[in-house]
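Heads up: the structure comes next, in C-alpha cells.
When reading the values below, keep in mind they use all heavy atoms of this one structure, side chains included, and skip hydrogens, waters and symmetry mates.
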Protein chains: 2
Amino acid sequence: MTRTTQTKRTTIYDLAELAGTSASAVSAVLNGNWKKRRISARLAEKITRLAEEQGYALNMQASVLRRDRSKIIGMIVPKYDNRYFGSIVEQFEALARERGLFPIITCTMRDPALELDAARAMLSYQVDCLIATGATDPDRVMELCAAAGVRTVNLDLPGARAPSVISDNHGGALELTRRVLANCEKEYGEKTPLLFVGGRGTDHNTLERVRGFRDAHAEAGVTVDETLVLTCGYAPEKAESAMRQLAERTGDLPRGMFVNSTISLEGVMRWIRRSGHYADRVPQLGCFDWDPFVAMLGDHIEMVRQDVPRMLEAVFAIIESGATGPTVVQIPPIVEKTG
Amino acid sequence: MTRTTQTKRTTIYDLAELAGTSASAVSAVLNGNWKKRRISARLAEKITRLAEEQGYALNMQASVLRRDRSKIIGMIVPKYDNRYFGSIVEQFEALARERGLFPIITCTMRDPALELDAARAMLSYQVDCLIATGATDPDRVMELCAAAGVRTVNLDLPGARAPSVISDNHGGALELTRRVLANCEKEYGEKTPLLFVGGRGTDHNTLERVRGFRDAHAEAGVTVDETLVLTCGYAPEKAESAMRQLAERTGDLPRGMFVNSTISLEGVMRWIRRSGHYADRVPQLGCFDWDPFVAMLGDHIEMVRQDVPRMLEAVFAIIESGATGPTVVQIPPIVEKTG
DNA sequence: AATTCTTGCTTCATCGATTGAGCACGCATG
DNA sequence: CATGCGTGCTCAATCGATGAAGCAAGAATT
C-alpha cells in the first residue's frame, strides 16, 4: 500500500497477485475486452479499483510487441518555425488522438539525410503509418517504409509512389498573382511583370506555383521576365541574398512580388527594409502562406492560406480508406484579404 | 533473397538462420558489443552484411522492453503556434538526438486535462525523463512521473518539486519596460504609466514580469495605474477583448504597452488596427517574446527574445547531472533592437 | 600427459502484455 | 445418471531482443 520511492513499476502480475487472480484476467479487464473473455463484473471492478490505487500504467512496449498493430502513427516535418507547419503538427496530433492513435513527430531541418534517419527511427518504433510532410525525397521514404510493410502518405509535397495530399498550388498561385498584378495596376497604373522569389526550382509545389504565376501574367497580357524568377530556396538568408544580387544586376526593380512562403518573406522583407531600395514606393506583395503578423504589415500584402484542417482530414481519410496508390488530392487554399 | 511484399519484418532470428548462427550472436553484433561478447570479426562482418542486405531494422519495442533504460525522452509543450515554442521543440529534438535519445513531443493545447493525459501516455511509452514545458500544473505532472520513477524537468514555467529552467522574467521585463517608458518619453515628451496586457495572473512568469514592470515604473518615478494591468490570458481573442473593454471604460488610452507574448500581441495589434483608437498616434510597444515579422512591424516595438539554446542546454545539463531538487535556473533573455 | 586459459560461440530465462486453448464447476436437459 | 452447455476463470506460448551462464575445442603452460 505504501509506495514511496518505488523504482519498479506495477505490472499486471503485481495486480494479479493483489487481486488473487491471474495476469491474463487482469490484462483482459484493463484492455476492455473482459466481457468477451467472460470475466465477472465483480472481478473486473476489483481489478480496476486496484489498478487505480496502485497507479498502474500499461507498458506500451510490451503491449505493442505482442499486438500486430502498434497504433503509433509517425510524421516527419521539415521545421517548426512557421504557422503552416505548426498548424499541420497541431492538427495531426489532434486527429491522431481522436482516433486512438499515438502520434510521434520528428523535424528534419530540411536535411535529406536526417529525413531518412528519422523514417528509419520511426520504423524501429513500429509505426503503423508514416506521414511524410514536405519531404525532399518522399519516394525514398516510401521505399524504406514499404520494405517494412508500413504505409506512407505524403503531405504538402507529393510523391510518385504513395498517396499525396497537397494544396492546389497552381490555383492558389494563379489567384494570388492576379491580385498582386491588380494591386500594382491600381497603385502604379502600370502593368509590369512581377518578381517570383523563394522555393526550390525542383520541387513540385514551386513548379506549380510558378506555372500559376505565369498563367496569371498571360491572362493579364503581361510577359513574364525570366530573370525575375528566383527559385533560390526557402531559407530567409537565401531569399535575402537573391534580392541583393538582383538589385546589383538591375536598376529597375519590380513593383510587385510573389513570395513563395513566409519563411522566404522573412528574408525579402529584411532586404527591403535594410537596402532602402523601396523607401519611396512600397512594393505590392503576395505571399504563398499565411502568418498573422504578416497580415498586419500593411495593406500591400496579399496572402494565400493553405487549408490545413481539410488537408489533414484528407490524410486521415486516405489512411482509413486503406488506399495505397499514387493518387494526389489537391485542397484549394484560401486567399485572404489583408490589412 | 527475393523479398517482395513481405509483411513480416526481418528479426534477429531470421538473420541468425541465414548466417547459420544464434540470435544472441546477431544481437551482440548489431548492438555493437560483439567484442565484449567475443564474437569473431569474421562472423560480425557476415552478420552486418546480411542485416544490410535484408534491410533489418531493430524492433525498439522489444529492445526497450528488455533494457532498463528506454533512451526515450518526452516533452509536453502547450502549442506550436509561435516561434518561442517552435524553437524550443527544434532545439530539444536536436539536443536529444545528439545524445542518442529518441525525443517524443506532445502538445497539450494549454488544456490541463490533456497535459496529464499526455504525461500518462509518455509514461506508458517508458520515457526515461519528461520535460514539462509551460505546464499549467507542473507539480501534478511531476507527481505522476515520480510515482513511476521518472524524472522531470520544468521548462519555461517553474514547479515547486522538480528542477526548472526559466527565463529571467523579472530582469527581462524590467529592461523591456525601461525601454518602452523611454520611447514614450522621447516620442511624446511625457512620463505616463504603461499598459500591461496578456498572460495569466496566476502563473509565475506573468507575476515576475509584472514585478519587473512595476520596478521599472518606480525607477522612472511613474506610478503604475492598477486598472492598466490586464492579465487576461494569453490567447489573442482574450487580449483583444481586454483592450476593447478597457477602451470602453476610459477615454484616455495609454501611450505605451507591455504585451506579454507574441500570441497576446496578435490580439492587441488586431484591436489597435480595427478600433482605430490609435490612428493618429502609434502606441509604443514592448513584447515579451520575439517574432521576425513583429520586428518588422515598425520602430515603435521593443522585443525580448528568450534564449532558447541556452535554456535547453541547461535542461540537458540538469538531466545529465542527475539533479532532482527543486532548483530554478534563470536564463537571461536578450533584449532586441527592432526596426 | 594433465592442467588451465582463451576464444568463440550457444542456451535459456527474461522483460510485460496478449490470447488461443483448455479446465472445473454448476445447472439444465434428455 | 449421463450428457451437454454456459460461466468464469487459468495456463502457457508468444512477440523480439538481451545478456548471464555455460560449453566445446584448441592453445599454452606445467
Side-chain angles (χ1 to χ4, degrees), chain A residues 6-47 51 54-72 102 123-126 128 148-149, chain B residues 6-47 51 54-72 102 123-126 128 148-149:
Chain A
Q6 50 129 185
T7 304
K8 284 274 152 278
R9 278 132 110 130
T10 311
T11 70
I12 52 170
Y13 296 93
D14 301 330
L15 293 179
E17 187 147 323
L18 284 168
T21 181
S22 72
S24 92
V26 174
S27 170
V29 168
L30 295 180
N31 67 32
N33 57 10
W34 52 282
K35 288 198 172 158
K36 211 185 310 174
R37 307 242 338 161
R38 296 189 312 217
I39 306 289
S40 65
R42 216 177 62 83
L43 181 57
E45 206 179 329
K46 182 176 182 186
I47 288 172
Q54 300 293 314
Y56 169 81
L58 177 65
N59 182 326
M60 276 295 174
Q61 253 70 47
S63 180
V64 166
L65 176 59
R66 190 70 230 295
R67 286 176 345 217
D68 49 341
R69 291 188 48 227
S70 69
K71 300 195 174 182
I72 301 175
F102 187 76
L123 291 177
S124 268
Y125 282 95
Q126 311 299 109
D128 283 337
Chain B
Q6 49 131 188
T7 304
K8 283 273 152 281
R9 278 133 109 129
T10 311
T11 71
I12 51 169
Y13 295 92
D14 303 330
L15 293 180
E17 187 148 324
L18 284 168
T21 181
S22 72
S24 98
V26 173
S27 171
V29 169
L30 296 179
N31 67 30
N33 55 11
W34 50 282
K35 289 200 172 160
K36 212 185 308 174
R37 305 271 315 264
R38 296 189 313 217
I39 306 290
S40 64
R42 218 174 63 82
L43 181 57
E45 206 179 327
K46 183 178 183 183
I47 289 172
Q54 301 293 313
Y56 169 81
L58 177 65
N59 182 327
M60 274 296 175
Q61 309 303 344
S63 181
V64 167
L65 176 59
R66 192 69 231 297
R67 285 174 347 213
D68 50 340
R69 291 189 49 226
S70 69
K71 298 194 175 186
I72 302 176
F102 188 76
L123 291 177
S124 269
Y125 282 96
Q126 313 296 114
D128 284 337

(request) Measure distances between side-chain N and O atoms of A:Arg66 and base N and O atoms of D:dT14, and say whether any donor-acceptor pair falls under 3.5 Å. (result) yes
(request) Give one of base, sugar-phosphate or nothing for A:Leu58, where a contact means two heavy atoms less than 4.0 Å apart. (result) sugar-phosphate
(request) Provide, to the nearest angstrom, the distance between the CZ atom belonging to B:Arg69 and the C1' atom belonging to D:dT18. (result) 16 Å
(request) Return no unless some side-chain N or O of A:Asn31 is found under 4.0 Å from OP1 or OP2 of C:dA17. (result) no
(request) Flag the pair B:Ile12 / B:Tyr56 as yes when at least one side-chain heavy-atom distance between them is below 4.5 Å, and no otherwise. (result) yes
(message) Counting the atoms with a prime plus P, OP1 and OP2 as sugar-phosphate, which does B:Ser27 contact under 4.0 Å by heavy atoms, base, sugar-phosphate, or nothing?
(response) base
(request) Grab the two heavy atoms, one from B:Leu30 and one from B:Ala51, that are nearest each other, plus how far apart they are. (result) CD2-CB, 3.9 Å
(request) Examine C:dT18: is either OP1 or OP2 under 4.0 Å from a nitrogen or oxygen in the side chain of A:Tyr13? Give yes or no. (result) no
(message) In the structure I gave you, are the side-chain heavy atoms of B:Leu18 and B:Thr10 within less than 4.5 Å of one another anywhere?
(response) no
(message) Whole angstroms only, please: what is the CD1-P distance between A:Ile12 and C:dT19?
(response) 11 Å
(message) From OH of B:Tyr125 over to C1' of C:dA17, roughly how many Å is that when rounded to an integer?
(response) 13 Å
(request) May I ask you to test the A:Met60-A:Leu58 pair for a side-chain heavy-atom distance under 4.5 Å? (result) yes
(message) Can you identify which nucleotide, out of C:dT10, D:dT7, C:dA17, has its nearest atom closest to the A:Arg38 side chain?
(response) D:dT7
(request) Determine the contact category for A:Ser63: base if any of its heavy atoms lies under 4.0 Å from a base atom, sugar-phosphate if only primed atoms, P, OP1 or OP2 are that close, otherwise nothing. (result) sugar-phosphate
(message) Quick check: any donor-acceptor pair below 3.5 Å linking the side-chain of B:Ser24 to the base of C:dC12?
(response) no
(message) Rounding to an integer number of Å, can you tell me how far B:Glu45 CD sits from C:dC9 P?
(response) 13 Å
(message) Rounded to whole Å, please give me the gap between CD1 in A:Ile47 and C1' in D:dT10.
(response) 12 Å
(request) Assign A:Leu43 to base, sugar-phosphate, or nothing according to its heavy-atom contacts below 4.0 angstrom with the strands shown. (result) sugar-phosphate
(message) Once you apply a heavy-atom cut-off of 4.0 Å, does B:Asn33 come out as touching a base, just sugar-phosphate, or nothing?
(response) sugar-phosphate
(request) Return yes if the base of C:dG20 and the side-chain atoms of A:Arg37 contain a donor-acceptor N/O pair under 3.5 Å, otherwise no. (result) yes
(message) Tell me the interatomic distance from A:Lys36, atom NZ, to D:dC9, atom P, rounded to whole angstroms.
(response) 17 Å
(message) From CG of B:Leu30 over to P of D:dG19, roughly how many Å is that when rounded to an integer?
(response) 13 Å
(request) Enter the distance from B:Asn59:CG to A:Leu65:CG here, rounded to the nearest 0.5 Å. (result) 6.0 Å
(message) So, does B:Thr11 get its side chain near the phosphate of D:dG16, meaning an N or O under 4.0 Å from OP1 or OP2?
(response) no
(message) Quick check on DNA chain C: between B:Ile39 and A:Leu65, whose nearest nucleotide comes earlier from the 5' end?
(response) B:Ile39
(message) Tell me the interatomic distance from B:Glu17, atom CD, to D:dA17, atom P, rounded to whole angstroms.
(response) 14 Å
(message) If you compare every side-chain N and O of A:Ser22 against the phosphate oxygens of D:dC11 (OP1, OP2), does one of them come in below 4.0 Å?
(response) no
(request) Counting heavy atoms from C-beta on, name the nucleotide in D:dT10, C:dG16, D:dT18 closest to the side chain of A:Asn59. (result) C:dG16
(message) Can you tell me which residue among B:Gln61, B:Arg67, B:Arg66 is in a side-chain hydrogen bond (donor to acceptor under 3.5 Å, both in side chains) with B:Ser63?
(response) B:Arg67
